[in-house]
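To start, the structure under review is shown below, and the notes come after it.
In each ligand, atom 1 is the first atom listed, and ligand 1 is the first ligand listed.
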Amino acid sequence: MLQHPDHSALVQQLTAIGQGHLFAFYDQLAPTEKTELDRQIASMDWPLLAELIKTVVLNPESVKLPENIEPAPYFQHVPQDAATQEKYRQAQAIGENLLKKNQVAAFVVAGGQGSRLGWDGPKGTFPATAKKNKPLFQCFAEYIRAMEQRFNCTIPFYLMTSTANHRASVDFWMQHNYFGLPELQVMFFSQDMLPAVSLDGKVLLETPGTLALSPNGHGGSLLALHKSGALADMRKRGVTQISYFQVDNPIVRCVDPLFLGLHEMEHSDMSSKILPKVSSTEKLGNICLVNGKMTVIEYSDLPEVLAEQRTADGQLRFRAGSIALHAIRCDFVERLNARGFALPYHRAEKKVPCVDMATGKTIKPEKPNAIKMETFVFDALPLASSSIVYETDRIDEFAPIKNAQGVDSIASSRQITTQRNSQWLQAAGIKVPRKPDGTPDCTIEIAASFALYPEDVKLKAAKIPAINAGDALYLH
Ligand code: UTP
């Protein structure tokens with residue numbers, strides 16, 4: 001049985017660091033609630049929190065930009081010469097071989113709160129596809145299953161949740177029979193949580209007996225992989241490479257042999273996929289070289305003079321936009337954890353429901369009232385001994401769902417997916433009805449079991465019915 005922490009010692013410890021208010025309603029709590037609050041408080045790393053409150057909340061330094069920022073070199077999507085073409089052919093074979101030897105794990109970070117989308121439940125349960133409304137989790141499961149069948153291999157799938165959405169995520173997978181994946185191949189673990197802090201440095205309560213906690217950012221995955229035993233489990237299964245992706249993109253290539261092959265071939269610790277930015281203001285982090293180290297500089301931090309620079313052929317000089325897809329060597333994550341590592345904490349002002357200390361009632365603020373502190377996975381890039389970057393195709397792989405409406409919404413994601421599928425069909429000689437503005441006048445959903453690549457559509461073209469304007473087609 002868990003021991004009840006020493007309450008008076010906790011009161012003393014928190015009072016000493018100016019957080020004694022967390023016990024303001026203690027006397028009104030039921031005995032079990034008292035135990036719960038004491039346990040929650042005892043589980044926090046208070047020396048770290050006190051330091052973060054000082055440095056990130058109360059005295060945030062303006063971002064200091066390094067002096068030597070250069071654009072990162074990257075492997076272009078389409079090889080430009082015969083040597084590169086040959087290199088890609090070899091990389092593809094190496095990547096396929098990693099899969100065939102069961103050395104690749106798929107890993108989705110799904111611990112975020114998805115507050116911009118406003119979906120009541122884990123984001124992975126959000127209905128994403130254009131005709132069948134398949135949830136995001138299902139898209140990944142089907143992609144993984146199709147890759148396993150193609151390469152006759154096993155791809156263990158790890159999902160990082162947070163304590164806020166863990167139960168609901170696991171239940172969802174159970175209710176759907178793991179979407180066809182063997183249950184023992186799908187592993188869940190939670191990341192660490194941190195309390196939100198008021199603008200004047202006070203840790204917030206969500207209710208009189210609980211802290212207002214939020215996940216510690218996707219950077220928390222590198223620690224959670226180790227702490228949860230997921231990394232050790234990967235090792236037991238013979239996995240050497242982690243294919244890392246985010247939960248919000250229904251057309252992500254959860255594992256990509258070419259990308260994994262280039263990463264392996266170049267002995268990279270942590271590699272990234274990018275898209276060339278469509279404009280200097282596109283909200284993608286910039287992958288740069290800083291003193292020779294691969295580094296992401298957030299879109300809001302790159303000075304305009306650099307962001308606007310162009311090369312002689314008119315392209316943006318800093319155009320490598322990160323889309324948060326990484327290939328990561330297991331031994332890199334092991335090395336980080338073995339020697340101890342700390343990613344920087346970023347501050348975000350957010351609206352966090354919290355207890356009004358005067359009344360004890362939980363209030364929903366109208367404007368940002370709190371600071372959340374998060375680490376970002378890409379801050380591990382400079383810690384890698386070697387790191388490569390590969391350009392993917394925008395339409396083929398990038399249809400994020402971040403917002404309820406507008407840019408990066410469910411509507412734009414479905415539009416991009418139908419556009420991608422139309423291209424695949426047209427390349428296979430199938431006519432796709434179009435509106436006067438050239439966009440598809442139909443909805444097309446393609447299951448991973450039907451096609452993973454445009455070439456697969458060509459092989460099955462004879463099975464595809466004629467498409468009329470307004471049709472909604474599902475190929476599976
Ligand atoms: P986002 O930056 O989109 O954050 O996460 P979010 O919390 O999901 O959404 P908003 O900002 O509240 O709208 C990018 C990816 O990182 C994961 C998310 O689940 C998503 O896959 N993530 C984010 C975590 O796993 N943990 C975190 O603490 C934060």
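- Screening residues 368-377 for side chain to side chain donor-acceptor pair (under 3.5 Å) gives Gln113-Lys372 as the qualifying pairs, with residues at least two apart or on separate chains.
- Proximity of Ser228 to Tyr158: side-chain heavy atoms (C-beta onward) are nowhere separated by under 4.5 Å.
- Side-chain contact between Phe23 and Ile41 is present, with heavy atoms from C-beta onward closer than 4.5 Å.
- A salt bridge links Arg394 with Glu282: the distance from a Lys NZ or Arg NE/NH1/NH2 to an Asp or Glu carboxylate oxygen falls below 4.0 Å.
- Partners of Glu36 by salt bridge (Lys or Arg N to Asp or Glu O under 4.0 Å), not counting sequence neighbours: none found.
- Every residue two or more places apart in sequence or in another chain was checked for a salt bridge (Lys or Arg N to Asp or Glu O under 4.0 Å) with Asp45, and none qualifies.
- Within 4.0 Å of ligand 1, protein heavy atoms belong to Val109, Ala110, Gly111, Gly112, Gln113, Gly114, Ser115, Arg116, Met160, Gln191, Pro215, Asn216, Gly217, His218, Gln246, Val247, Lys350, Lys402, listed by chain and number.
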